[in-house]
Amino acid sequence: MQSKINRFFKPSSSSPTPKSADASQCYSIEFDYGRVQPEILVTYQRRPQNSICERNDASTDEASKEIDLENIMPNLGTAKSGKVQNKKRKYAQFYLELGQSDFLLHTCTVCGFKYARGDEGDEKFHKTLHKNYTHGIPFKGWQNERELRIPSLEIGRIVLVLDDDPPPQRNKVQEAVKMMEMELGDGWIYHQLCKVYLLISSQRISGCLVAEPIKKAYKILPRPGGSRCNVSPEKEARQTSTILQFGGVSFQREMVRRNHSTKSREESDESISGVVLCEKEAVSALCGIRAIWVTPSNRRKHIASYLLDAARESFCKDLVLKRSELAYSQPTSVGRAFISSYTNSDSFLVYTPSDV
């Protein structure tokens, strides 16, 4: 077997015999790693932006592609333009609508302002408006303000503003009127003939009174005291004929009606109807209280009484009006209770817009 293997690898006689060479010499020639290789320098040239590159010596009719340097080197565009790209991630608040009645606009229960929850601008504006409504509009004062000296005034000061005063004072009055309109209704409180009294406390407008000249008023009728008769619970007790029997025991049903006071019934009737009864004959009057308003955080501090005293003493020149000589526009149930407390009487003067 070995002879056959040697015969197979034996070179044929027809092929030329190569020159014998030393194996170590061939290895050193072909694989001489110690020999210093020549240094090859590779240079690159930057292509201009929006240039057209050709591949494999293709013709100009072939499709070309623009090289976007900003995608290859993002910092190149920033350095070239000189602008710093803002890559700060922005977070947005999302909400789920599940049938909420106030999903789009939420109504504040105190000031009544409608705003969108989650909106930074709306919430900031509502916060400012809410504080101005509850504590009063900021007021730093004017150089030429018309301050009134009221002996009964214990807190702050009262400033009178007329229609011919400078624009800054009239603009401040408009801000106060807008606050009043949020609670009393808009479009009727102020006009050019009105005199506005502002009570300033802690550098804020705590109360506002709007007065106007009138010619006549009507005396309101006092509440009737004995119009309703009081019935005892014994007479109001009513026995029904319904009798329930369980064997030898019988149960009889009895219903007793509670007796309500006459005053509470009349007040409830007036709050529902809203009708104020007056005398038919008019009397002469000079000052009409068109509207009066105090911020919620400053109520129960006699601010409305101070404003009414200022109007009595300064509305007419060289004449101080009595409390009973002031006339009021049609008051609400709360306003009627306050006027009755201020005048110490249930009968006072009221007027209508036609009496101006």
For [X] against [Y], the heavy-atom pair lying closest together:
{"X": "I155", "Y": "I303", "answer": "CD1-CG1, 4.1 Å"}
{"X": "P331", "Y": "V350", "answer": "CD-CG1, 4.2 Å"}
{"X": "T107", "Y": "K114", "answer": "OG1-CG, 3.4 Å"}
{"X": "D309", "Y": "I150", "answer": "CB-CG2, 4.3 Å"}

State plainly whether one hydrophobic cluster holds both [X] and [Y], where clusters connect Ile, Leu, Val, Met, Phe, Trp and Tyr through side-chain heavy atoms under 4.5 angstrom apart.
{"X": "L307", "Y": "I339", "result": "yes"}
{"X": "I292", "Y": "V159", "result": "no"}
{"X": "L148", "Y": "L162", "result": "yes"}
{"X": "L308", "Y": "L319", "result": "yes"}
{"X": "I200", "Y": "V173", "result": "yes"}

Polar contact flag, side-chain donor to acceptor under 3.5 angstrom, W142-Q169
no
Quick one about Y218 and E281 (side-chain donor to acceptor, distance below 3.5 Å, no hydrogens or angles considered), yes or no?
no
Counting C-beta onward and ignoring hydrogens, is there a side-chain heavy-atom pair between [X] and [Y] closer than 4.5 Å?
{"X": "S201", "Y": "R204", "answer": "no"}
{"X": "L198", "Y": "V161", "answer": "yes"}
{"X": "R312", "Y": "C287", "answer": "no"}
{"X": "L321", "Y": "C316", "answer": "yes"}
{"X": "L209", "Y": "V196", "answer": "no"}
{"X": "R157", "Y": "Y306", "answer": "no"}
{"X": "E181", "Y": "V177", "answer": "yes"}
{"X": "K195", "Y": "D163", "answer": "no"}

NZ/NE/NH1/NH2 to OD/OE distance under 4.0 Å, [X] and [Y]:
{"X": "K178", "Y": "D186", "value": "no"}
{"X": "E145", "Y": "K140", "value": "no"}
{"X": "E279", "Y": "K219", "value": "no"}
{"X": "K172", "Y": "E175", "value": "yes"}

Using a cut-off of 6.0 Å, state whether more than 12 heavy atoms not belonging to N144 lie near its atom CG.
no
For Q192, is the CD atom crowded, meaning more than 12 foreign heavy atoms sit under 6.0 Å from it?
no
From [X] [atom1] over to [Y] [atom2], what is the distance, rounded to the nearest 0.5 angstrom?
{"X": "C278", "Y": "F348", "atom1": "SG", "atom2": "CZ", "result": "8.5 Å"}
{"X": "L129", "Y": "D122", "atom1": "CG", "atom2": "CG", "result": "11.5 Å"}
{"X": "M180", "Y": "W188", "atom1": "CE", "atom2": "CH2", "result": "7.0 Å"}
{"X": "L286", "Y": "K215", "atom1": "CG", "atom2": "NZ", "result": "12.0 Å"}
{"X": "M179", "Y": "I137", "atom1": "CE", "atom2": "CD1", "result": "5.0 Å"}
{"X": "I158", "Y": "L153", "atom1": "CD1", "atom2": "CG", "result": "5.0 Å"}

Donor-acceptor contact below 3.5 Å, side chain [X] vs main chain [Y]:
{"X": "S347", "Y": "L221", "result": "no"}
{"X": "R290", "Y": "I189", "result": "yes"}
{"X": "S297", "Y": "T134", "result": "yes"}
{"X": "T295", "Y": "S206", "result": "yes"}
{"X": "S340", "Y": "R336", "result": "yes"}

Please step through side chain to side chain donor-acceptor pair (under 3.5 Å) for the pair Y351 and E212, ending with a clear verdict.
CA-CA 11 Å; Y351 72 99; E212 62 180 343; 2.8 Å; yes
Face-on cation placement of R323 at Y342 ring, 6.0 Å and 45° thresholds
yes
For a side chain to side chain donor-acceptor pair (under 3.5 Å) check, start with the C-alpha distance between Y133 and E183, then their side-chain angles and the critical distance, and finish with the verdict.
CA-CA 10 Å; Y133 176 82; E183 187 172 353; 3.0 Å; yes
Between T343 and S324, does the side chain to side chain contact (heavy atoms under 4.5 Å, CB included) criterion hold? Intermediate values first, please.
CA-CA 6 Å; T343 58; S324 59; 5.7 Å; no
From CA spacing to verdict: side chain to side chain contact (heavy atoms under 4.5 Å, CB included), R299, W293
CA-CA 9 Å; R299 292 173 184 175; W293 180 77; 3.5 Å; yes
Quick one: sort the H126 and H130 rings into parallel, tilted or perpendicular, breaks at 30° and 60°.
tilted
